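Here the structure comes first, spelled out in structure tokens, and everything after it is commentary.
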Amino acid sequence: MIKTFRRFLTFLTCAGLLSIGFLYGCFQRDSSRPTSYLEQWMQDNGKIKVLSTTAIIDDIVRQVGGDRIDHISLICGEIDPHSYELVKGDDEKLSAAQVIFYNGLGLEHGASLRYQLEHHANAISVGQSIQERSPDQIIYDGGQLDPHIWMDIELWSIIIDPILQSLKELDPAGSAIFEENADRLRQAMLHEHQEIKSDFQQVPAERRYLVTSHDAFNYFTRSYLRSPDETEQAQWSKRFEAPEGLAPDGQLSTTDIQKIIEHLCEYQIEVVFSESNVSKDSLKKIVHACRQKGLEVRISNKVLYGDAMGSSDSGADTYLKMIRQNADAMISAWKYEGRTQ
Ligand SMILES: [Zn+2]
């Protein structure tokens, strides 16, 4: 029932986004674009037409392609990419795209979208590129492949290469510009990766324990929260727990709640984080159950961005800003807010 309601809400959100011409979410980052950007994207103006499934991929594509490409993302705003199904107008975008970049690794598992991605001649899984380059860096959670690879900036920077390669093939005359853009972006990403790493080292290791709504932060935990001696997954994985698994579904059993409460007690965790595109209901149930047991646990007033970037006024409307906001939200909660015990 909850699942059906959530899907209905997702449909309403998506329909709303479509009806306002995708002004918000998909195209929010460039106010100079005309309102008919989608129409322009469809027109033959000599620019490469690039479609990415998520805005997180689209942001990397935008920075590599610059002015020589027209780019849009399929999944707009704060819609869950795990279960996204095609809506009216998506077929046209998929047909018009000269190249499609998608996450893969099981992220886009809505049947209608997955079918299109598997049958499109020019659909490239950026996740697969990472898996081929660095197979030992891919995380399996309970035996299941974890698709949230963007949560490690250094790992995510690998996707610049397949994007660069593809754009160069489609527009050889732009090769030098693409290369230059890619180099600049790679440096910015690797710099931010190190900055965030060192910022977290300022937080005592015993406070770096993250609890969110769903399992989107395994890669983040391994890169930024673990202590240097925690090299094995069995060691660092204790620093991250979430009630809803790899794909948020709103289903929570009493056992799930109990498991999180035990985790909160064991590591003396007093603050949990909601995610911008996932219902807070699961976390509210956990906090309520904690209070009944006399445990003081609260939900942070700063949300994390797991599967979707934020709106333009959130300050998390680019990939790097999104990861930085996540880091700052955790650091301020752990470093500057005193514990009650
Ligand atoms: Zn997710």
Side-chain angles (χ1 to χ4, degrees), residues 1-10 78-84 105-107 109-110 139-151 206-226 233-308 322 325-327 329-330 333-334:
M1 184 64 190
I2 294 169
K3 208 168 182 176
T4 308
F5 182 62
R6 281 165 56 81
R7 279 184 180 152
F8 178 63
L9 281 180
T10 300
E78 297 188 334
I79 296 171
D80 173 18
H82 293 277
S83 56
Y84 184 82
L105 306 183
L107 178 74
H109 66 224
I139 294 174
Y140 289 81
D141 190 343
Q144 202 180 337
L145 211 162
D146 184 342
H148 302 90
I149 38 175
W150 57 90
M151 284 296 175
E206 66 270 20
R207 291 194 183 183
R208 298 198 301 266
Y209 284 87
L210 176 65
V211 173
T212 65
S213 299
H214 89 294
D215 280 340
F217 290 83
N218 284 314
Y219 290 93
F220 191 97
T221 301
R222 183 181 65 186
S223 286
Y224 308 117
L225 305 186
R226 73 179 173 87
Q233 186 168 348
Q235 297 169 312
W236 57 256
S237 62
K238 68 186 178 193
R239 294 187 177 274
F240 173 52
E241 193 65 77
E244 290 197 37
L246 284 172
D249 58 10
Q251 308 294 315
L252 207 58
S253 69
T254 313
T255 314
D256 294 330
I257 293 177
Q258 191 54 37
K259 188 180 158 201
I260 299 291
I261 291 175
E262 284 169 13
H263 182 80
L264 293 168
C265 287
E266 183 175 358
Y267 298 106
Q268 299 181 36
I269 300 164
E270 293 178 355
V271 58
V272 297
F273 295 85
S274 60
E275 294 171 39
S276 65
N277 71 331
V278 181
S279 163
K280 280 186 184 178
D281 289 351
S282 296
L283 293 180
K284 283 180 180 168
K285 281 179 195 166
I286 288 164
V287 168
H288 178 70
C290 282
R291 290 198 176 139
Q292 285 185 322
K293 290 175 179 285
L295 299 169
E296 264 315 309
V297 175
R298 65 183 177 80
I299 301 175
S300 170
N301 56 6
K302 292 177 180 166
V303 297
L304 299 185
Y305 298 91
D307 291 344
M322 161 194 171
Q325 281 242 358
N326 287 342
M330 292 176 214
W334 296 336

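As the structure is a computational prediction, the values presented were derived from the model and not from experiment.
- The shortest heavy-atom contact between Glu78 and Ser276 is OE1-O, 3.2 Å.
- Asn326 places a side-chain N or O within donor-acceptor distance of the main-chain N or O of Tyr305, the cut-off being under 3.5 Å.
- Between Leu304 and Phe217, some side-chain heavy-atom pair lies under the 4.5 Å cut-off.
- Looking at heavy atoms from C-beta onward, His214 lies in side-chain contact with Glu275 at the 4.5 angstrom threshold.
- Atoms NZ and OG, from Lys284 and Ser279 in turn, are 7.0 Å apart once rounded to the nearest 0.5 Å.
- A heavy-atom distance below 4.5 Å is found between the side chains of Cys290 and Ile286.
- Without hydrogens or angle criteria, Tyr84 side chain to Ile79 main chain gives no donor-acceptor distance under 3.5 Å.
- Environment of NE2 in His288: sparse, with no more than 12 heavy atoms of neighbouring residues, nucleotides or ligands closer than 6.0 Å.
- Counting only distance, with no hydrogens or angles, the side chain of Arg208 and the backbone of Leu225 share a donor-acceptor pair below 3.5 Å.
- Under the 4.5 Å side-chain criterion, counting only non-hydrogen atoms from C-beta, Glu241 is not in contact with Tyr209.
- Between Trp334 and Leu210 there is a side-chain heavy-atom pair separated by less than 4.5 Å.
- Here the straight-line distance linking atom NE2 of His263 with atom CD of Gln268 works out to 12.0 Å at 0.5 Å rounding.
- Remark: Asp215 CG to Asp141 CG distance equals 4.5 Å, nearest 0.5 Å.
- The side chain to side chain contact (heavy atoms under 4.5 Å, CB included) search around Asp256 returns Leu252, Ser253, not counting sequence neighbours.
- A distance of 11.5 Å separates CD of Gln144 from CG of Leu105, quoted to the nearest 0.5 Å.
- Of all the heavy atoms in Pro243 and Ser213, the pair that sits closest is CD-O, 3.3 Å.
- Judged by distance alone, the side chain of Trp150 and the main-chain N or O of Gly306 form a donor-acceptor pair under 3.5 Å.
- Distance check: Asp146 CG to Met151 CE gives 10.0 Å after rounding to the nearest 0.5 Å.
- Of the candidates Arg298, Arg207, Glu296, Arg298 is the only one forming a side chain to side chain contact (heavy atoms under 4.5 Å, CB included) with Val271.
- Taking Tyr224 as the reference, His193, Phe220 meet the ring-ring contact (aromatic ring centres under 6.0 Å, His included) condition, with sequence neighbours excluded.
- For the pair Val272/Ile260, no side-chain contact is recorded, criterion being any heavy-atom separation below 4.5 Å from C-beta on.
- Judged purely by atom type and a 3.5 angstrom limit, Tyr267 has no side-chain atom pairing as donor or acceptor with the backbone of Lys238.
- For the pair Val297/Ile269, no side-chain contact is recorded, criterion being any heavy-atom separation below 4.5 Å from C-beta on.
- Heavy atoms only, all atoms of each residue included: Phe240 and Ala216 are closest at CZ-N, 3.9 Å.
- Between His148 and His82, the two ring planes are tilted [angle within 30° to 60°].
- With rounding to the nearest 0.5 Å, the separation of CG in Leu107 from CG in Asp307 is 6.5 Å.
- Residues meeting the salt bridge (charged side-chain N to carboxylate O under 4.0 Å, His left out) test with Arg222, sequence neighbours left out: none.
- Pairing each heavy atom of Leu283 with each of Ser274, the nearest pair is CD1-CA, 3.4 Å.
- Using a 4.5 Å heavy-atom threshold, the side chains of Leu295 and Leu264 count as separate.
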